[in-house]
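In this text the structure is predicted, and so the values were computed from the model without any measurement. Residue numbers start from 1 in every chain, and the chains themselves are labelled A, B, ... in the order their sequence lines are given, proteins ahead of strands. Below, all heavy atoms of this structure are taken into account, side chains as well, without hydrogens, waters or symmetry copies.
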Number of protein chains: 2
Amino acid sequence: MPSAVTDPAATPPEPQTGNSHINEERLAVYFALSEVGALLSHAVEQQLRRDGDLTYVQFQILATLGDSGSGSLRMTDLADRIVYSRSGVTYQAGRLERRRLISRAPSTEDERSTVVSLTAEGRKLLGQVISGHTAVVQRMLFATLSDDDIAVLGAILGRVRDRMRQAPPRSAAPRKSRRAGEAGH
Amino acid sequence: MPSAVTDPAATPPEPQTGNSHINEERLAVYFALSEVGALLSHAVEQQLRRDGDLTYVQFQILATLGDSGSGSLRMTDLADRIVYSRSGVTYQAGRLERRRLISRAPSTEDERSTVVSLTAEGRKLLGQVISGHTAVVQRMLFATLSDDDIAVLGAILGRVRDRMRQAPPRSAAPRKSRRAGEAGH
DNA sequence: TATTGTTATACTCTATAACTATA
DNA sequence: TATAGTTATAGAGTATAACAATA
């Protein structure tokens, strides 16, 4: 990672109160987190592709369906759960449907809606893929750590995650409102 | 995150020796790490786009050049540093060159090579963007944590990262050799 | 009128291989 | 022959808006 980030000429003009600002140690932690996240997601994506020829989003769709008791969801609800745009879900659902991993049918209750369902084939593939998924995570992430490490890591990351979820997207100027279409990365 | 991952029918058939396998707590830690990584990188990408209309890869290119004393690198060296395919770097360099943030010129030493250089404009933009970059990381990641937390987190993640770097891509069957073309996500 | 989902369009990015030129 | 870089091609994914059907 470039150390240009620590260039004094480039640091923000905030008051340096000692522990309120980025320093070398914090940068190193940030880079470590970035790299671990990137390596882990890369490994997971490789595994998903190898074991099921699935992208991460496609896996998310199958897993979300598999997780919903009935195995079925409306397109909109699916999009909301995985935080993805509707047209994006339509596109991905089209690909999964071609492979017979899901099926789509109009809802009987509300004829505007489309209900997506996991097929038997889709459920089977999901089971196969999840097993490799957990194996990768165990090998890449947990094999290195003691139970204490895991507990501490979980406590810290849980706190950061909760804070991030609340954090407004900007310091000032709250956005008009969050639109579904913005969600798709 | 779907709990289908914890479905007993889907767990790998490994011996459950107590601390060698994924359990609920570990899954929660994995999900927290994934979510923190995703939220952080999403926030960083938003910031880069907002403050400089740059993608992360483009920022990496500028930062890597800015970090190299001279502000210049060969295309191949640049590709190696940011772990990206050559044709991908050619494509991104084309975009950055159109915006006059970098320039390309044939090398005088080896006429096969192209030397990429940060322009004054590119250096200026880099400085502007980095300041927002560190601010985002401070706000999203470190504002929540004590100095102790940061130290512990750094120690654990550093260990995981070192291990991940060594880890062979598969359990068995080592690949023929790592090709540059594979690196570009 | 609002909502659900699809489609059309255009653009970005990636992967692969072919290609030019220099060494 | 090998290396450096570009280009051509095709495909995946995304964002936007327009659209038809239903509520």
Side-chain angles (χ1 to χ4, degrees), chain A residues 38 41-42 45-46 48-50 53-61 72-99 102-117 176-185, chain B residues 41-42 45-46 48-50 53-61 72-99 102-117 177-185:
Chain A
S41 73
H42 188 242
E45 278 160 19
Q46 262 195 320
L48 290 175
R49 168 149 195 178
R50 191 181 64 228
D53 194 23
L54 294 172
T55 65
Y56 190 72
V57 174
Q58 290 167 352
F59 170 72
Q60 276 189 299
I61 291 177
S72 299
L73 282 174
R74 295 192 320 149
M75 291 292 279
T76 296
D77 295 335
L78 186 54
D80 286 351
R81 299 260 186 112
I82 66 176
V83 191
Y84 215 66
S85 72
R86 288 197 196 171
S87 73
V89 171
T90 296
Y91 174 77
Q92 295 295 349
R95 317 218 100 219
L96 293 173
E97 196 173 36
R98 271 203 326 210
R99 292 175 61 188
I102 63 171
S103 61
R104 279 182 287 188
S107 165
T108 50
E109 297 168 2
D110 182 340
E111 298 230 337
R112 290 173 306 182
S113 300
T114 298
V115 172
V116 192
S117 305
K176 11 187 171 182
S177 77
R178 210 168 283 176
R179 291 189 358 225
E182 278 186 338
H185 282 222
Chain B
S41 74
H42 188 242
E45 278 160 20
Q46 262 196 321
L48 291 175
R49 168 148 198 180
R50 190 180 67 229
D53 194 23
L54 295 172
T55 64
Y56 190 72
V57 173
Q58 290 167 352
F59 169 72
Q60 276 189 299
I61 290 176
S72 299
L73 282 174
R74 295 190 321 151
M75 289 293 278
T76 296
D77 296 335
L78 186 54
D80 286 349
R81 298 259 187 114
I82 66 176
V83 192
Y84 215 65
S85 71
R86 287 198 194 170
S87 73
V89 171
T90 296
Y91 174 77
Q92 296 295 350
R95 318 219 98 219
L96 293 172
E97 195 173 37
R98 273 205 323 212
R99 292 175 59 188
I102 64 171
S103 61
R104 279 182 287 188
S107 166
T108 50
E109 297 168 2
D110 182 340
E111 299 231 336
R112 291 173 303 181
S113 300
T114 298
V115 173
V116 192
S117 306
S177 77
R178 210 169 281 176
R179 292 192 354 226
E182 278 187 337
H185 279 223

Rounding to an integer number of Å, can you tell me how far Gln46(A) CD sits from dA15(C) C1'? 15 Å

Strictly below 4.0 Å: does Arg112(A) bring a side-chain N or O up to OP1 or OP2 of dT6(C)? no

First locate atom CD1 of Ile61(B), then atom CD of Gln92(B), and finally report the distance between them rounded to the nearest 0.5 Å. 5.5 Å

Whole angstrom is fine here: how far is it from CD in Glu97(B) over to P in dT7(D)? 10 Å

If you find the nucleotide of DNA chain D closest to Gln92(A) and the one closest to Val115(B), which residue's nucleotide is nearer the 5' end? Val115(B)

Distance, rounded to the nearest Å, where Glu111(A) contributes CD and dA20(D) contributes C1': 14 Å

Measure from the side-chain heavy atoms of Gln58(B) and tell me the nearest of dA4(D), dC13(C), dG13(D). dC13(C)

Let's see if you can work this out: which of dT3(C), dA4(D), dA12(D) has an atom nearest to the side-chain heavy atoms of Tyr91(A)? dA12(D)

Can you check the Arg99(B) CZ to dT12(C) P distance for me, whole Å? 12 Å

If you check the Met75(A) side chain, which of dT6(D), dA23(C), dT6(C) turns out closest? dT6(C)

CG of Asp110(B) versus P of dA4(D): gap in Å, rounded? 8 Å

Measure from the side chain of Arg95(B), starting at C-beta and using heavy atoms only, and say which of dT12(C), dT22(C), dT22(D) lies closest. dT12(C)

Which distance, rounded to the nearest 0.5 Å, do you find between the CD1 of Ile102(A) and the CG of Leu96(A)? 5.0 Å

Length of the line joining Phe59(A):CZ and dG13(D):P, which is rounded to integer Å: 16 Å

How far apart are the closest heavy atoms of Gly94(B) and Arg104(B), and which atoms are they? CA-NH2, 3.5 Å

Identify the two heavy atoms, one from Asp53(B) and one from Arg99(B), that lie closest to each other, and give their separation to 0.1 Å. O-NH1, 2.7 Å

Nearest to side-chain heavy atoms of Thr114(A), which nucleotide of dG13(D), dT14(C), dT6(C): dT6(C)

To the nearest angstrom, how far is Arg49(B) atom CZ from dC11(C) atom C1'? 11 Å

Between dT22(D), dA17(D), dA4(D), which one does the side chain of Ser87(A) approach most closely? dA17(D)

Can you find a side chain N or O atom of Thr90(A) that sits less than 4.0 Å from OP1 or OP2 on dT6(C)? yes

The reported gap from CZ in Arg81(A) to CZ in Arg74(A) (rounded to nearest 0.5 angstrom) is 11.0 Å

Just how far, in rounded Å, is P of dT6(D) from CG of Leu78(B)? 11 Å

Is Arg86(B) near enough to dA4(D) that one of its side-chain N or O atoms lies under 4.0 angstrom from OP1 or OP2? yes

